[in-house]
Amino acid sequence: MTTSITTDVFLAITTDLSRELPPQQRLQNLLQGLRKVFPCDATALLQLRGSVLVPLAIDGLSTDTLGRRFEIDAQPRLAKILLSREPVRFRADSTLPDPYDGLVQERPGELHVHDCLGLSLYVDDSPWGVLTLDAMQPDAFDGIDPQDLRAFARLTEATVKIANLISRLQDRAERHQQMAQAVVADLGQQELIGQSPAMQRLRSEIEVVAQSDLAVLITGETGVGKELIARRLHASSTRADSPLVYVNCAALPENLVESELFGHVRGAFSGAAQKRAGKFELAHGGTLFLDEIGELPLALQPKLLRALQSGEIQRVGSDAQHQVDVRIIAATNRDLQKEVAARDFRADLYHRLSVYPIEAPSLRTRGKDVLLLAGHFLEQNRRRMGLRGLRLSGDAREALLGYDWPGNVRELEHLISRAVLRARLGQDDSRKLLTITSDLLDIKPAAPAQPVTTAESAPQKAPNLSLREATEAFQRSRIETALAQHQNNQAQAALALGLDRGNFTRLRKRLGV
């Protein structure tokens with residue numbers, strides 16, 4: 001490497017190694033330097049995690065690439081790069097599918113990559129990941145000296161090693177996560193995707209409290225990923241190799257809640273044909289996740305409080321006490337402080353559960369995280385349907401960024417799945433690269449409320465309701481309508497609304513119907 005720009009770039013990158021920089025910025029600077037040294041349209045740095053390659057930094061690729069996860073078995077180019085200690089090149093006539101087709105930002109009109117280079121990276125003599133270079137121009141890499149590539153690979157490995165040292169706490173959490181794979185869902189499902197300030201704060205909160213045994217109360221709107229946060233807390237804790245037991249308090253019939261939590265003995269009630277351990281006993285030594293804790297019947301709350309305070313439980317129908325060692329994580333989309341003020345939730349239980357509160361950010365506050373998540377869900381759908389590739393058009397990205405997301409991440413996941421199905425409709429060739437456009441997303445923002453005008457009244461301004469207030473008003477209206485249609489028969493009204501009788505009764509009381 002004899003040109004002055006090459007020397008300057010390498011000097012700048014070497015200087016970066018001694019500067020205090022955030023790991024992400026350090027890796028981003030490395031890729032920007034790479035594009036100055038070698039002629040290419042896009043570069044990416046991917047880390048090997050189990051059987052997938054995860055993009056850590058990109059330059060020249062669409063933002064949603066960061067949310068994708070590339071399974072090695074399904075990506076022969078990446079697999080070949082990973083298995084070689086020498087630079088690997090794929091020319092324009094290569095028949096192997098390119099994982100970045102349609103993702104290069106600078107050439108939106110061109111979908112297919114024409115020249116590709118890859119280098120495997122090793123840290124402490126162990127495979128760490130890959131560095132890739134892609135060009136839309138055929139034969140773009142003809143003039144590159146392999147010796148220069150090897151030198152840059154060594155520099156990349158040094159940069160990665162320093163970034164790993166800076167991120168040692170995150171690495172430790174990742175190891176705990178892997179230990180817990182047999183207990184909770186797979187690694188991809190546990191991952192918290194996002195780089196926004198809101199997600200950085202959330203990760204920091206998790207890191208602070210995960211290693212303790214403090215009770216955690218996760219709050220946030222429906223669909224923000226409260227269960228995912230609970231899994232991450234457990235996987236990053238000292239209890240990661242013990243069970244994480246899940247309880248949906250809203251789905252339990254009121255007459256069976258106590259049995260589900262604490263267990264029962266044979267003959268304790270009608271239908272109890274044999275003894276059964278409750279969720280507390282199953283979670284002994286691990287974590288008990290109480291989802292929708294705000295729906296727990298008021299009559300059961302003192303028994304839960306006793307279990308939290310003393311660690312003692314009593315099976316239904318038995319006088320014997322059982323000692324359990326359980327860490328509690330609870331979640332709710334309700335404002336429990338208001339519930340306490342309204343005497344619908346016990347204050348002492350609330351304070352016992354909320355020793356360390358964590359608020360899950362809504363998707364509308366997370367900026368470009370929506371594109372990372374969209375990329376993640378696109379890759380999931382691509383693998384599930386056996387497609388060659390999926391990309392977002394420019395207008396689709398704009399539509400995703402401009403939408404308010406009342407259903408948060410869950411709504412985005414479902415929306416992407418529907419869009420992929422629509423894009424696939426009529427396509428009999430799974431090798432074709434599919435583009436998701438804004439019309440396939442079919443995002444329809446809610447129209448603003450219009451003033452109500454009648455012959456007998458002046459126009460009135462529509463009330464400025466919060467999302468929670470609007471939801472409760474809608475629920476109240478549906479319940480009142482169902483009761484009226486069924487002559488106030490609560491069982492029939494609950495059935496018509498698709499609700500369990502106990503849940504219907506609790507919801508009706510909370511809404512004041």
Side-chain angles (χ1 to χ4, degrees), residues 42 52 54-55 58 61-71 73-75 97-113 136 185-186 188-189 191 193-194 221-225 227-228 362-364 366-448 467 474 498:
V52 299
V54 179
I58 57 172
L61 296 172
S62 60
T63 306
D64 61 275
T65 307
L66 286 170
R68 297 175 183 250
R69 302 297 177 260
F70 299 103
E71 289 191 1
D73 290 344
Q75 299 292 350
D98 193 298
Y100 305 132
D101 277 352
L103 301 181
V104 179
Q105 276 185 325
E106 295 181 3
R107 306 289 184 89
E110 298 182 49
L111 299 182
H112 304 300
V113 176
M136 307 304 287
D186 64 282
Q189 290 298 316
E191 189 173 7
I193 293 175
E221 300 174 8
T222 297
V224 293
E227 182 180 347
L228 197 62
S362 61
L363 187 54
R364 75 185 67 88
R366 294 175 53 183
K368 291 187 177 181
D369 279 356
V370 65
L371 297 181
L372 274 65
L373 288 162
H376 178 71
F377 296 135
L378 282 171
E379 187 62 20
Q380 281 187 342
N381 280 274
R382 186 200 65 78
R383 293 197 304 264
R384 187 182 304 125
M385 298 184 186
L387 302 175
R388 174 184 174 181
L390 291 165
R391 67 186 293 269
L392 289 171
S393 67
D395 62 334
R397 289 194 291 269
E398 290 299 320
L400 292 173
L401 289 171
Y403 187 52
D404 196 40
W405 300 110
N408 292 291
V409 179
R410 186 178 298 136
E411 180 183 9
L412 172 62
E413 180 181 9
H414 296 165
L415 183 144
I416 291 294
S417 296
R418 291 195 300 270
V420 172
L421 285 175
R422 292 174 182 139
R424 189 188 180 195
L425 187 65
Q427 298 289 342
D428 54 2
D429 186 2
S430 62
R431 295 172 297 174
K432 185 175 181 180
L433 183 66
L434 300 181
T435 300
I436 305 299
T437 56
S438 60
D439 59 316
L440 292 174
L441 293 174
D442 195 25
I443 294 178
K444 297 177 181 177
L467 178 62
F474 174 75

Quick check: does any side chain N or O of Arg391 sit under 3.5 Å from a backbone N or O of Leu103, one acting as donor and the other as acceptor? no
Could you check Glu411 against Asn408 for side chain to side chain contact (heavy atoms under 4.5 Å, CB included), going step by step and ending with a plain yes or no? CA-CA 5 Å; Glu411 180 183 9; Asn408 292 291; over 6 Å; no
Closest non-hydrogen atom pair, Glu221 against Pro406: OE1-O, 4.3 Å
Measure across Asp395 and Ser438 and return the closest heavy-atom pair with its distance rounded to 0.1 Å. OD2-OG, 2.7 Å
If you take all heavy atoms of Leu392 and Arg397, which pair is closest and at what distance? O-NH1, 2.8 Å
CG of Asp439 to CZ of Arg422, rounded to nearest 0.5 Å, is 9.5 Å
Carboxylate-amine/guanidinium proximity below 4.0 Å for Arg418 and Asp442: no
Arg383 side-chain N/O to Arg69 backbone N/O, donor-acceptor pair under 3.5 Å: yes
Heavy-atom pair of closest approach, residues Ala399 and Ile443: O-CD1, 3.8 Å
Taking every heavy atom of Asn381 against every heavy atom of Arg384, the minimum-distance pair comes out as OD1-NH1, 3.1 Å
If you measure from CD on Glu71 to CD on Gln380, what distance do you get to the nearest 0.5 Å? 10.0 Å
From Leu387 atom CG to Arg424 atom CZ, the distance as rounded to the nearest 0.5 Å: 5.5 Å
What pair of heavy atoms forms the shortest contact from Leu66 to Pro55, and how long is it? CD2-O, 3.9 Å
With respect to Leu400, which candidate in Leu363, Leu412, Ile436 satisfies the side chain to side chain contact (heavy atoms under 4.5 Å, CB included) definition? Leu412
Show your working on side chain to side chain contact (heavy atoms under 4.5 Å, CB included) between Thr63 and Leu372 and close with a plain yes or no. CA-CA 6 Å; Thr63 306; Leu372 274 65; 3.4 Å; yes
Arg366 vs Val409, test: side chain to side chain contact (heavy atoms under 4.5 Å, CB included). Steps then yes/no. CA-CA 11 Å; Arg366 294 175 53 183; Val409 179; 3.8 Å; yes
Name the residue from Thr435, Leu433, Asp64, Val420 that meets the side chain to side chain contact (heavy atoms under 4.5 Å, CB included) definition with Leu390. Val420
Could you tell me whether Arg410 and Glu413 make a salt bridge, using a distance below 4.0 angstrom between a side-chain N and a carboxylate O? no
Determine whether Leu415 and Trp405 make a side-chain contact, defined as any pair of heavy atoms from C-beta on separated by less than 4.5 Å. yes
Side-chain touch Pro99/Arg68, heavy atoms, less than 4.5 angstrom: no
